[in-house]
Structure formats: structure tokens, C-alpha cells
Amino acid sequence: MRLSGKTALITGGTSGIGLATAKRFIKEGARVAVIGRDESRFAGVQAELGAEALVLAADVRSAEAMQEATTRVQQAFGGLDILFANAGYVIPTPLQSIDARQYDDIMDVSVKGVVFTMQAALPVLREGASVVLTTSFIDQTGKHGLSLVAAAKAAVRSLARSWSYELLDRKIRVNAIAPGGIETPLLDKLGLSEAEVEAFKAQFVSTVPVARMGQAEEIAAAVLYLASDESRYVVGTELVVDGGCSQL
Ligand SMILES: NC(=O)c1ccc[n+]([C@@H]2O[C@H](COP(=O)([O-])OP(=O)(O)OC[C@H]3O[C@@H](n4cnc5c(N)ncnc54)[C@H](OP(=O)(O)O)[C@@H]3O)[C@@H](O)[C@H]2O)c1
């Protein structure tokens with residue numbers, strides 16, 4: 001019970017990495033609120049997380065929606081010990097084909113969304129809270145065809161540093177988690193056929209030193225460390241969990 005008595009808000013907590021982290025947090029004793037957009041999945045998410053969990057609809061790109069959501073979290077939980085700003089969206093963006101809409105879609109969810117999430121949560125975060133922002137292993141190395149996502153995540157990695165400074169007086173720590181290639185529903189949203197997804201995975205796995213995709217639970221375990229008091233001397237850093245991709 002490493003999060004006994006704590007409260008947490010997870011954006012993108014209705015799928016993949018966020019959902020696995022919500023489950024782990026609950027197992028470790030936390031009360032958890034999750035945010036997503038697709039309400040058709042909410043009943044299933046509620047069933048997976050249990051009746052105590054708060055499942056909220058909000059678009060992280062909207063400052064107003066995020067303020068409404070965090071107000072509801074405050075009413076339900078009284079305050080927040082953990083914020084996991086994790087909502088994200090990926091599409092391939094080879095340089096020649098980037099258009100204004102793709103640019104806005106990626107930057108708005110990944111950068112603006114994290115800024116508005118953090119802003120809305122600020123009044124609700126308790127002294128000593130832990131904030132974890134989801135970046136990606138490609139924010140340091142880049143990746144063919146994924147330049148916008150890599151750039152957006154590099155911006156988020158930078159935000160973790162600046163906000164750590166700004167929040168020192170409230171003893172709020174901000175760190176980043178950088179997943180490698182993780183098996184989640186995100187891959188099914190790339191607009192590729194099933195065969196293309198399988199080919200993408202096989203090609204990707206051939207570049208991973210440990211020769212497999214990661215599991216959402218492996219990211220949840222690392223987020224748990226950053227969220228818990230065990231990491232109380234860890235400030236402004238990025239924890240990379242990528243099977244060695246960016247290191248070997
Ligand atoms: N999977 C990987 O290989 C990988 C690698 C590196 C980094 N990441 C990062 O990890 C994070 C989680 O990804 P995942 O793999 O778990 O993907 P996922 O299964 O597709 O989950 C994404 C979550 O974000 C939510 N979301 C997306 N846009 C949103 C918006 N505008 N407002 C509110 N919620 C929104 C989705 O809810 P709805 O479906 O309801 O919109 C969903 O709950 C992302 O930031 C992603 O960039 C993933």
C-alpha cells in the first residue's frame with residue numbers, strides 16, 4: 001500500500017498506460033479520478049476501476065473543461081496528492097505531409113493539454129504533491145516520421161524542469177516518465193490496417209535491445225515510484241522505460 005490515503009488524477013486514464021496506472025494506484029491504496037473523452041468506454045472503465053473511482057469526461061485542450069473537472073475532483077476528494085498528465089495522441093507526420101490540422105492536433109493535445117491540465121490542477125494540488133508528465137523515449141533521439149510527437153514531448157520534458165522550479169516553495173515535485181514502445185490501444189488509432197500495425201510492431205521490436213514491446217503495467221510501476229514518497233529526492237527528472245532503446 002504505497003499510496004495509502006492519497007488521491008490522484010490521471011488524464012488519459014481511460015485507456016492504455018493511464019488505465020493500467022489507475023489500477024495500480026488503486027491497488028496501492030489511492031483514490032483515483034480518471035479523465036478521457038470517449039464516454040462509450042466509461043461504463044467498462046468504471047467496472048474495471050471499481051465504484052470508488054471517479055471517471056470524468058473532459059478534453060485536455062480546453063482550459064474551462066479541465067477547470068470543471070478538477071473542481072469535481074476537489075469536491076469528491078478534497079485535494080490532490082498526485083497528478084499524472086498523460087493524455088496523448090499520435091499520428092505519423094512525415095515532414096513533407098505535415099499540414100496545419102495535424103500540427104494543431106498533436107501540439108494541442110500534447111503541449112497545450114498538459115499546460116491546461118497543470119494550470120487547472122494547481123489550486124487543488126496539496127503541498128508535497130507529485131506531478132508526473134508523460135513524455136516519450138523519442139524526445140531525445142527523434143524518430144523517422146514522428147517529428148511532431150517527438151518535438152511535443154521534448155517541450156513537455158522541458159515543462160517538467162521549469163515547473164519544478166516554480167513549485168519548489170509548495171514542495172510539489174514535477175517529473176516526467178518516458179515510455180518506449182508500449183502495447184496499448186494507441187497503435188490501433190494510427191489509421192493503419194491490422195496487417196500494417198503488425199508489420200510496424202515487428203519492425204519496431206527488431207530495434208529494441210530487449211527484443212519486445214513494453215507492457216502498460218511496466219510503465220505504471222515506474223509512475224508509481226515517481227508518484228510515491230519513495231522518490232521524494234527526485235525532482236525535474238525524466239525516467240526512461242524503453243527496453244534500452246534510447247540507451248544502448
Ligand atoms: N504506447 C506507446 O508506445 C507510447 C510511447 C511513448 C509515449 N506514449 C505516451 O503515453 C501516453 C498514453 O498513451 P497510451 O499508449 O496509453 O495511448 P491510449 O491507450 O490511446 O490512451 C490515450 C488516452 O488519452 C486520452 N486522450 C487523448 N486525447 C485526449 C484529449 N484531447 N482529452 C482528454 N483525453 C484524451 C484518451 O481518451 P479518449 O480515447 O477518450 O480520447 C485515452 O484515455 C500518451 O501521452 C502517449 O503519447 C505512449
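Start at 1 and go down the list; that is how both ligands and their atoms are numbered. Below, each value reflects all heavy atoms present in this structure, side chains not excepted, and no hydrogens, waters or symmetry copies.
Ligand 1 has an N or O atom lying under 3.5 Å from an N or O atom of V60, backbone or side chain. At a 3.5 angstrom cut-off on N or O pairs, T14 counts as close to ligand 1. For a threshold of 3.5 Å applied to N or O pairs, the pair formed by Y89 and ligand 1 contains no separation below that value. Taking only nitrogen or oxygen atoms, main chain and side chain alike, I17 reaches within less than 3.5 Å of ligand 1.
In terms of protein heavy atoms, atom 28 (N) of ligand 1 is closest to R37 NH2, 3.3 Å. For atom 24 (O) of ligand 1, the closest non-hydrogen atom on the protein side is G12 CA, 3.3 Å. For atom 39 (O) of ligand 1, the closest non-hydrogen atom of the protein is R41 NH2, 3.1 Å. Nearest non-hydrogen protein atom to atom 44 (C) of ligand 1 is N86 O, 3.3 Å. Scanning the protein for heavy atoms near atom 27 (C) of ligand 1, the closest one is G88 O, 3.5 Å. For atom 42 (C) of ligand 1, the nearest protein heavy atom (residue, atom name, distance) is S15 CB, 3.7 Å. The shortest contact between atom 1 (N) of ligand 1 and any protein heavy atom is with I182 O, 3.2 Å. The shortest contact between atom 31 (N) of ligand 1 and any protein heavy atom is with D59 OD1, 2.9 Å.
A salt bridge links R212 to E218: at least one charged side-chain nitrogen sits closer than 4.0 Å to a carboxylate oxygen. Between D99 and R101 there is no salt bridge, since no side-chain N of the basic residue sits under 4.0 Å from a carboxylate O of the acidic one. Salt-bridge formation is detected for the pair R24/E28: a Lys NZ or Arg NE/NH1/NH2 atom is positioned less than 4.0 Å from an Asp or Glu carboxylate oxygen.
Under the 4.5 Å side-chain contact rule for hydrophobic residues, F137 and L148 share a cluster.
Using 4.0 Å as the threshold, K153 has a heavy atom nearer than that to some atom of ligand 1. Residue contacts with ligand 1 include T135, since one or more of its heavy atoms lies under 4.0 Å from the ligand.
Contacts of T184 with ligand 1, taken as heavy-atom pairs under 4.0 Å, involve the side chain alone. Contacts of V149 with ligand 1, taken as heavy-atom pairs under 4.0 Å, are absent altogether.
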Chi angles and distances behind the side-chain hydrogen bond (donor to acceptor under 3.5 Å, both in side chains) call for E238, T135: CA-CA 8 Å; E238 181 179 57; T135 56; 2.6 Å; yes

Working for side chain to side chain contact (heavy atoms under 4.5 Å, CB included), residues T93 and I106: CA-CA 10 Å; T93 53; I106 292 196; 3.9 Å; yes

Steps toward side chain to side chain contact (heavy atoms under 4.5 Å, CB included) verdict (K23, E48): CA-CA 8 Å; K23 285 188 204 162; E48 281 197 65; 2.5 Å; yes

S164 vs R173, side-chain hydrogen bond (donor to acceptor under 3.5 Å, both in side chains): CA-CA, chis, key distance, verdict: CA-CA 6 Å; S164 288; R173 300 180 295 117; over 6 Å; no

Pair V174-L133, side chain to side chain contact (heavy atoms under 4.5 Å, CB included): steps then yes or no: CA-CA 8 Å; V174 186; L133 313 177; 4.0 Å; yes

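Of all atoms in ligand 1, numbered sequentially from 1 with element shown, those under 4.0 Å from a heavy atom of S136 are 6 (C), 7 (C). Proximity to G180 (heavy-atom distance under 4.0 Å) selects the following atoms of ligand 1: 2 (C), 3 (O), 4 (C), 5 (C), 6 (C). The atoms of ligand 1 that sit less than 4.0 Å from any heavy atom of T134 are 9 (C), 10 (O), 11 (C), 45 (O). Close approach of ligand 1 to D38 (heavy-atom distance below 4.0 Å) involves ligand atoms 38 (P), 40 (O). Against a heavy-atom cut-off of under 4.0 Å, P185 is close to the following atoms of ligand 1: 19 (O). Close approach to G181 involves these atoms of ligand 1, each under 4.0 Å from a residue heavy atom: 3 (O).
Residue D81 forms a side-chain hydrogen bond (donor to acceptor under 3.5 Å, both in side chains) with just one option from K6, R126, R31, and that option is R126.
Not a single donor-acceptor pair under 3.5 Å links the side chain of S110 to the backbone N or O of A152.
Between the choices A58, P179, A87, the shortest heavy-atom distance to atom 6 (C) of ligand 1 belongs to P179. Between M213, M66, K189, it is K189 that holds the heavy atom closest to atom 20 (O) of ligand 1.
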